[in-house]
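Here is the structure we will look at, set down as structure tokens.
If you're wondering where the values come from, they're calculated on a predicted model, not measured in any experiment. Along the sequence shown, the residues carry numbers beginning at 1.
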Amino acid sequence: ASRRPGKRDVSRFTRPGYAAARQFYRDPAVAADYDFHRLGSRTRRARHAREWRTIVAALERTAGVRSLLDLPCGTGRFTGPLAERGYVVSGADISAEMIRRATAKPAPAGGVAGFVQADAEALPFCDASVDYVMSMRFMLHLDAAARVRVLRELARVSRRWLIVDYRHRYSLRYARWRLLSWLGVVDTPSPHVTRRQLEQELGAGGWAVREVLPVTRLFSDKWIVIGESRPVS
């Protein structure tokens, strides 16, 4: 039987902490396995498609957007499709191996403006250099203080808009995780926020929450959040 994605995949991150994640995703073996782990079965491709549809819906709710930064871009699973939709897209990631995989993929129609290896807390971009910043599958690796630091840096780079995903507490999946964690069957789930915590955290990072879109209702624990920049008090 052909191999299927699973919990033992090389690119499945299991160690807690941002420092561990920074090192983990720089591993060539992790980068090589990354797309397979997330797209290597019909179920996982369907999950990706639901996430992408929600991202597109979020983009369509904002106006005046031409340039966009995809951070972290990983192997470019969103970077190329964004370029296909006509955006001037740049990809940034701390992992040179991930970027190498992204640049090896067939160029999308219109092309990608470029890829750069970068730390999310100190981006090599000028103030207000893009219309939009998009950050997927990143905040779950950070503690609250690090998330605010990153959000402030994204607010510096973006002229106005942000799309970011957050894990929330209002889902059956999260309730199941909490129960299994209490029973000692699994580790405590990655950080999940309430709506109030989300608004407070984005506010501290220089953003106002404009809309929150669930990837799916009830079962998914993921929100796609639209933020609009505002001065940090």
**OP:** Decide side-chain contact (heavy atoms from CB on, under 4.5 Å) for Tyr18 and Glu121; before the verdict, give the C-alpha distance in whole Å, the side-chain angles of both, and the deciding distance to 0.1 Å.
**Re:** CA-CA 12 Å; Tyr18 183 29; Glu121 296 183 58; 3.2 Å; yes
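- Judged by distance alone, with hydrogens and angles left aside, the side-chain atoms of Glu84 form a donor-acceptor pair with the main-chain N or O of Ala109 at under 3.5 Å.
- Between Arg167 and Tyr174 the shortest side-chain heavy-atom distance does not fall below 4.5 Å.
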**OP:** I would like to know whether Met134 and Leu59 meet side-chain contact (heavy atoms from CB on, under 4.5 Å); could you show each step before the answer?
**Re:** CA-CA 10 Å; Met134 187 177 89; Leu59 288 166; 5.6 Å; no
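- Proximity of His192 to Arg169: side-chain heavy atoms (C-beta onward) are separated by under 4.5 Å at one or more points.
- Each of Arg45, Arg44, Arg77, Lys105 was compared with Asp35 under the salt bridge (charged side-chain N to carboxylate O under 4.0 Å, His left out) criterion, and only Lys105 meets it.
- Relative orientation of the His141 and Phe13 rings is perpendicular, given thresholds of 30° and 60° on the angle between their planes.
- In terms of heavy atoms, Arg12 sits closest to Gly6 at CD-O, 4.1 Å.
- Counting heavy atoms from C-beta on, the side chains of Thr62 and Arg210 never come closer than 4.5 Å.
- A salt bridge links Glu228 with Arg160; the closest basic N to acidic carboxylate O contact falls under 4.0 Å.
- We find the NE2-OG distance between His48 and Ser41 to be 12.5 Å, quoted to the nearest 0.5 Å.
- Inter-residue side-chain proximity for Ile226 and Tyr132 is flagged as met; some heavy-atom pair is nearer than 4.5 Å.
- Note on Glu199 versus Arg196: no salt bridge recorded, every NZ/NE/NH1/NH2 to OD/OE distance being 4.0 Å or above.
- The distance from the CZ atom of Arg147 to the CG atom of Leu198 is 9.5 Å, given to the nearest 0.5 Å.
- Under 4.0 Å is where a charged nitrogen must lie from a carboxylate oxygen, and between Asp93 and Arg101 no such pair does.
- You'll find the side chain of Trp207 stays beyond 4.5 Å of the side chain of Val164, heavy atoms only.
- Here the shortest heavy-atom pairing between Ser67 and Val130 reads OG-CA, 3.4 Å.
- A heavy-atom distance below 4.5 Å is not found between the side chains of Arg66 and Arg159.
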Subject >> Full working for side-chain contact (heavy atoms from CB on, under 4.5 Å) between Val148 and Arg152 >> reply: CA-CA 6 Å; Val148 170; Arg152 289 191 176 199; 3.9 Å; yes
Subject >> Trace of the side-chain contact (heavy atoms from CB on, under 4.5 Å) decision for Val56 with Arg85 >> reply: CA-CA 9 Å; Val56 170; Arg85 292 186 64 84; 3.6 Å; yes
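- Put simply, the side chain of Tyr170 reaches to within 4.5 Å of the side chain of Thr194, judged on heavy atoms.
- Of the N and O atoms on the side chains of Asp33 and Ser11, at least one donor lies less than 3.5 Å from an acceptor on the other residue.
- Gly76 and Pro81 get closest at one heavy-atom pair: O-CD, 4.1 Å.
- Below 30°, between 30° and 60°, or above 60°: for Phe78 and Trp52 the angle between ring planes is below 30°, a parallel geometry.
- Remark: side-chain polar atoms of Ser158 are not paired, donor with acceptor, to backbone N or O of Ala155 under 3.5 angstrom.
- Expressed to the nearest 0.5 Å, how far CD of Gln200 lies from CD of Gln197 amounts to 7.0 Å.
- Summarising the geometry, atom CZ belonging to Phe36 is positioned 4.0 Å from atom CZ belonging to Arg3; distances are rounded to the nearest 0.5 Å.
- Taking every heavy atom of both residues into account, Val112 and Val89 meet most closely at CG1-O, 3.2 Å.
- Under the 4.5 Å side-chain criterion, counting only non-hydrogen atoms from C-beta, Arg137 is in contact with Asp165.
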